[in-house]
Amino acid sequence: MDRGPFTCKREGDVFLVGGPIDERAQLQPLLRWATAKTLVLDLAGVTFVNSLGVREWVRLQAAARDAGVTIELRRVAEVLMYQINIVPAARTASVIRSFFATYVCDVCGNEQSELLDVARDRSLLEAGKAPAAPCSACGMGAHLSEAPELYVSFLSGGSPLR
Ligand SMILES: [Zn+2]
């Protein structure tokens with residue numbers, strides 16, 4: 001898969017971050033754009049995250065905390081969502097609004113990406129479950145392809161590896 005270049009684009013008060021998050025990702029400069037102590041990031045375009053990128057991401061969290069800024073995360077790409085769940089330090093300054101998860105259909109094997117809204121789906125997610133979704137190929141029920149803990153540990157403050 002082509003990871004593309006790291007990109008950051010402003011749309012109103014939202015910053016669209018895309019491409020790979022690695023040692024070249026320029027994350028901390030984003031903090032200066034926080035308005036009313038909030039920085040809103042749309043992370044649907046993130047294609048790849050490595051350990052150096054996680055380190056940059058954790059630094060962003062620490063810098064935001066120091067500045068009293070809350071980072072609102074919208075449409076978090078699945079690759080980044082795994083890291084945010086595994087590494088508690090990767091979410092200390094963040095509020096996660098919605099994120100993508102891969103669903104799979106047992107009937108036809110189709111895989112699809114679903115956007116889960118934390119406010120809308122909170123009670124299910126807190127119970128370690130995910131909302132059902134119709135398979136986009138055959139219309140039967142698709143379900144989360146991975147263990148829910150990989151996506152929702154942030155809600156309980158824990159880590160799925162603990
Ligand atoms: Zn299907």
Side-chain angles (χ1 to χ4, degrees), residues 1-34 38-65 67 69-105 109-118 121 125 128 130-131 133 135-137 142-162:
M1 179 179 160
D2 181 14
R3 294 167 183 164
F6 176 77
T7 57
C8 185
K9 196 170 72 181
R10 183 174 192 169
E11 265 182 22
D13 286 338
V14 182
F15 287 85
L16 285 72
V17 174
I21 293 184
D22 57 20
E23 67 279 11
R24 288 164 300 183
Q26 297 291 309
L27 296 172
Q28 288 190 57
L30 287 169
L31 275 179
R32 84 173 82 117
W33 299 103
T38 303
L39 177 68
V40 183
L41 302 181
D42 180 310
L43 298 153
V46 173
T47 55
F48 171 80
V49 183
N50 68 7
S51 59
L52 294 168
V54 171
R55 199 173 67 186
E56 291 303 311
W57 185 263
V58 167
R59 283 179 178 155
L60 171 68
Q61 301 295 312
R65 243 185 9 257
V69 169
T70 299
I71 308 176
E72 186 180 318
L73 311 182
R74 296 181 184 173
R75 308 193 324 133
V76 184
E78 191 158 3
V79 283
L80 179 57
M81 201 59 199
Y82 288 150
Q83 300 299 332
I84 288 172
N85 276 283
I86 290 168
V87 184
R91 54 181 191 257
T92 50
S94 292
V95 176
I96 299 158
R97 298 289 186 214
S98 58
F99 61 92
F100 286 100
T102 299
Y103 273 51
V104 63
C105 173
N110 178 56
E111 283 193 1
Q112 64 198 47
S113 193
E114 289 287 326
L115 183 64
L116 303 188
D117 184 299
V118 174
D121 303 326
L125 296 173
C135 170
S136 61
H143 60 85
L144 210 54
S145 69
E146 301 286 349
E149 306 85 74
L150 285 172
Y151 302 94
V152 300
S153 296
F154 72 91
L155 287 169
S156 57
S159 163
L161 301 185
R162 211 179 274 162

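Being a predicted model, the structure only gives us computed values, none of them experimental.
Leu31 CG to Leu39 CG: the interatomic distance, rounded to the nearest 0.5 Å, is 6.0 Å. For the atom pair CZ (Phe48) and CD1 (Ile21), the distance works out to 10.5 Å, reported to the nearest 0.5 Å. Distance check, rounded to the nearest 0.5 Å: CD of Gln112 to OH of Tyr103 gives 9.0 Å. Here the straight-line distance linking atom CD1 of Ile84 with atom OG of Ser153 works out to 12.0 Å at 0.5 Å rounding. Taking CD1 from Ile86 and CG from Leu150, the interatomic distance works out to 6.5 Å, rounded to the nearest 0.5 Å. Going from atom OG1 of Thr92 over to atom CD of Gln61 covers 5.0 Å, rounded to the nearest 0.5 Å.
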* Stepwise side-chain contact (heavy atoms from CB on, under 4.5 Å) check, Asn110 with Ser136 -> CA-CA 8 Å; Asn110 178 56; Ser136 61; 3.2 Å; yes
* Trace of the side-chain contact (heavy atoms from CB on, under 4.5 Å) decision for Ile71 with Leu60 -> CA-CA 9 Å; Ile71 308 176; Leu60 171 68; 3.8 Å; yes
* **Derivation and outcome, side-chain contact (heavy atoms from CB on, under 4.5 Å), residues Val118 and Ile96** => CA-CA 7 Å; Val118 174; Ile96 299 158; 4.2 Å; yes
* Asked: Where do Asn85 and Glu149 land on the side-chain contact (heavy atoms from CB on, under 4.5 Å) test, with the steps shown first?
  -> CA-CA 8 Å; Asn85 276 283; Glu149 306 85 74; over 6 Å; no
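For CZ of Arg65, the number of neighbouring non-hydrogen atoms (other residues, nucleotides, ligands) closer than 6.0 Å is greater than 12. Atom CG of Asp117 sits in a crowded spot, with more than 12 heavy atoms from other residues, nucleotides or ligands closer than 6.0 Å.
Counting all heavy atoms, side chain and backbone alike, Gly12 lies closest to Arg10 at O-NE, 2.9 Å. Scanning both residues, Cys8 and Phe15, for their nearest heavy atoms gives SG-CD2, 4.0 Å. Residue Gly53 comes nearest to Asn50 through the heavy atom pair N-OD1, 2.8 Å, listed as atom of the first residue, atom of the second, then distance. In terms of heavy atoms, Pro20 sits closest to Thr47 at N-OG1, 3.4 Å. The two residues Ala130 and Leu125 make their nearest non-hydrogen contact at CA-CD2, 4.4 Å. The shortest heavy-atom contact between Val17 and Leu43 is CB-CD2, 3.8 Å.
At a threshold of 4.0 Å, the pair Arg75-Asp42 counts as salt-bridged, since one of the basic side-chain nitrogens sits closer than that to a carboxylate oxygen.
Geometrically, Arg91 does not engage Phe154 in a cation-pi contact, judged by NZ or CZ lying under 6.0 Å from the ring centre and within 45° of the ring axis.
Ring geometry for Phe99 versus Tyr151: interplanar angle under 30°, hence parallel rather than tilted (30 to 60°).
In this structure, the side chains of Met81 and Phe100 stay at 4.5 Å or more apart for every pair of heavy atoms. With a 4.5 Å cut-off on side-chain heavy atoms, Val40 and Thr38 count as touching. Here the side chains of Val49 and Tyr82 are not in contact, with every heavy-atom distance at 4.5 Å or above. Counting only heavy atoms from C-beta outward, the side chains of Glu72 and Leu41 never approach each other to under 4.5 Å.
For the residue pair Thr102 and Glu78, a side-chain donor N or O sits within less than 3.5 Å of a side-chain acceptor on the partner.
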